[in-house]
Trainee: 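Dropping the structure in here first, questions after.
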Amino acid sequence: MATQPISAVSKITIRVLAFARLRELLGFGSRDVELAEGATLDALWKQLASGNGEIEGLRATTRFARNGELVAGETVLRTGDEVALMPPVGGG
Amino acid sequence: MATQPISAVSKITIRVLAFARLRELLGFGSRDVELAEGATLDALWKQLASGNGEIEGLRATTRFARNGELVAGETVLRTGDEVALMPPVGGG
Amino acid sequence: MVALSSAPLDVAALVRDVQTKEHGAVVTFLGTTRETSPDDPRPVAALEYEAYDSMAIPEMEKIASEAREQFGPLAIAIVHRTGRVALGEPSVAVVVAAPHRARAFDACRYAIDALKARVAVWKQEVYADGETAWVANTPP
Amino acid sequence: MVALSSAPLDVAALVRDVQTKEHGAVVTFLGTTRETSPDDPRPVAALEYEAYDSMAIPEMEKIASEAREQFGPLAIAIVHRTGRVALGEPSVAVVVAAPHRARAFDACRYAIDALKARVAVWKQEVYADGETAWVANTPP
């Protein structure tokens, strides 16, 4: 009888878009990121900002969008999601 | 000894401008008018409107200007004055 | 800059006139000829304007000064057409450039309201059937 | 009509787009690049805009709908530049045509206020010395 791998963690792949100062600090405007299944936007943020004090300091003013809709940090991501990291807007 | 003409009435000449409906009813846009010295704008109006009920009916909405300034009907005219008869404005 | 003009209004030129690198906001009002008269059921084919230039121009200058006094530094152009104005064409343009948008909006609105109430310009509606009627402004 | 545009804004074309013979009033707001930054003493040489198109466009459409719901029937064009915008050039145009001027002024102002607060567009000031800084909008 075959054993099931107990700790097999499924992965999801999402597309992350970063804008303005966040794009500069993260070093990309668009990138595919692999996350553990069940990961939230907050977890994504932690992974991306980790170790960069300037990015970490921008959390309070950053808004998240998933597939074009503003969503909260506790939102669970699904594979194929397009996530945008958005500093305060400056149009006009 | 020469006699002075007792009833010699001095005349003044003014320029009358009429606009819009008043121009059409009076039949002129600009005309020189002779008046007795001491004549007021009200007297000018009476002279011009006399016998024309439609013009007479416009008195309440007509404003007078003398030499580019809005003035009241009792204003006494002087020779050389430019008088404008102005219906309610319709600019814009 | 204020003017009466018998030629079509060049709005882009007015915007260029008032705009400077210190002005972040330009608000333009254009009053255009409507087919529907507020006073008459007949369709309007054109408007015909006449002005008393020597009162209209100083009054427009006065309105421009009042706008600057009331709202702060700004640049303003007010131009009104005379003669025949075709359907859809602008008969009046008020263009205000200011450092910020609140001032530009407020001053533009002030100027067009004042112009309609005070400037010696008269408007005749010319209907499709060739008849005409003089139309006075009513308070906004 | 709403759009993002990497090319200079053709304001006259926008006015033609919204204007009809039922609209007596056209109000245009242009936001233009100022040399003076609210945040930085250095003279601004240009602005550089980036947008999240797939959020910005629907949000601009939403603002246009809200303006119509709130103020009544009107035609509106909202266009924002992307990329580099030179000093004095417009970065945004909001053009509203309505039967009467109160509605046109109110809707134009509503739309530019909403755009500045909500639309996914970011602005970078490029200073004469070549340095840059991202500038967020503050409430009006």
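Nothing here was measured: the structure is a model prediction, and the numbers come from that model.
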Trainee: Over all heavy atoms of both residues, which pair between B:Trp45 and B:Leu22 is shortest? Give the atoms and the distance, please.
Mentor: CH2-CD2, 3.8 Å
Trainee: Hey, mind stepping through C:Leu4 and C:Ile57 against side chain to side chain contact (heavy atoms under 4.5 Å, CB included) and telling me if it holds?
Mentor: CA-CA 7 Å; C:Leu4 294 164; C:Ile57 294 286; 3.9 Å; yes
Trainee: Measuring only between side-chain heavy atoms, which start at C-beta, is B:Leu70 closer than 4.5 Å to B:Phe64?
Mentor: no
Trainee: Shortest non-hydrogen contact from B:Ile14 to B:Arg78?
Mentor: CG2-O, 3.5 Å
Trainee: Checking C:Ala56 against chain B: side chain, backbone, both or neither under 4.5 Å from a heavy atom?
Mentor: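 Neither part; nothing is under 4.5 Å.
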Trainee: To check you understand the geometry: which heavy-atom pair defines the closest contact between C:Ala97 and C:Val18, and what is its length?
Mentor: CB-O, 3.4 Å
Trainee: Using a plain distance cut of 3.5 Å, could you tabulate donor-acceptor pairs between chain B and chain C?
Mentor:
unit_1  : atom_1 : unit_2   : atom_2 : d
B:Ala20 : N      : C:Glu50  : OE2    : 2.7
B:Arg23 : NE     : C:Glu50  : OE1    : 3.0
B:Arg23 : NE     : C:Glu50  : OE2    : 3.2
B:Arg23 : NH2    : C:Glu50  : OE1    : 2.5
B:Glu24 : OE1    : C:Trp134 : NE1    : 3.0
B:Glu24 : OE2    : C:Gln124 : NE2    : 3.0
B:Glu24 : OE2    : C:Trp134 : NE1    : 3.1
B:Glu82 : OE2    : C:Tyr52  : OH     : 2.6
B:Pro87 : O      : C:Trp122 : NE1    : 2.8
B:Pro88 : O      : C:Trp122 : NE1    : 3.4
B:Val89 : O      : C:Asn137 : N      : 3.0
B:Gly90 : N      : C:Val121 : O      : 2.7
B:Gly91 : N      : C:Val121 : O      : 3.2
B:Gly91 : O      : C:Asn137 : ND2    : 2.8
B:Gly92 : N      : C:His80  : NE2    : 2.7
B:Gly92 : O      : C:Tyr49  : OH     : 2.7
B:Gly92 : O      : C:Lys123 : NZ     : 3.3

Trainee: Non-hydrogen atoms of chain B under 4.5 Å away: do they reach the side chain of C:Ala93, the backbone, both or neither?
Mentor: neither
Trainee: Give, as side chain, backbone, both or neither, the part of C:Val121 having an atom under 4.5 angstrom from any heavy atom of chain B.
Mentor: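 For C:Val121, backbone and side chain are both near chain B.
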Trainee: Among B:Ala65, B:Pro87, B:Ala20, B:Gly29, which residue has the highest count of heavy-atom pairs closer than 4.5 Å to chain C?
Mentor: B:Ala20
Trainee: Do you know which of C:Val135, C:Val119, C:Leu30 has the most heavy-atom pairs with chain B at a distance under 4.5 angstrom?
Mentor: C:Val119
Trainee: What pair of heavy atoms forms the shortest contact from B:Ile55 to B:Leu26, and how long is it?
Mentor: CD1-CD2, 3.6 Å
Trainee: Between B:Leu77 and B:Leu41, is any pair of side-chain heavy atoms under 4.5 Å apart?
Mentor: yes
Trainee: Tell me the closest heavy-atom pair linking C:Ile76 and C:Ala67, and the distance in Å.
Mentor: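 That would be CD1-CB, 4.4 Å.
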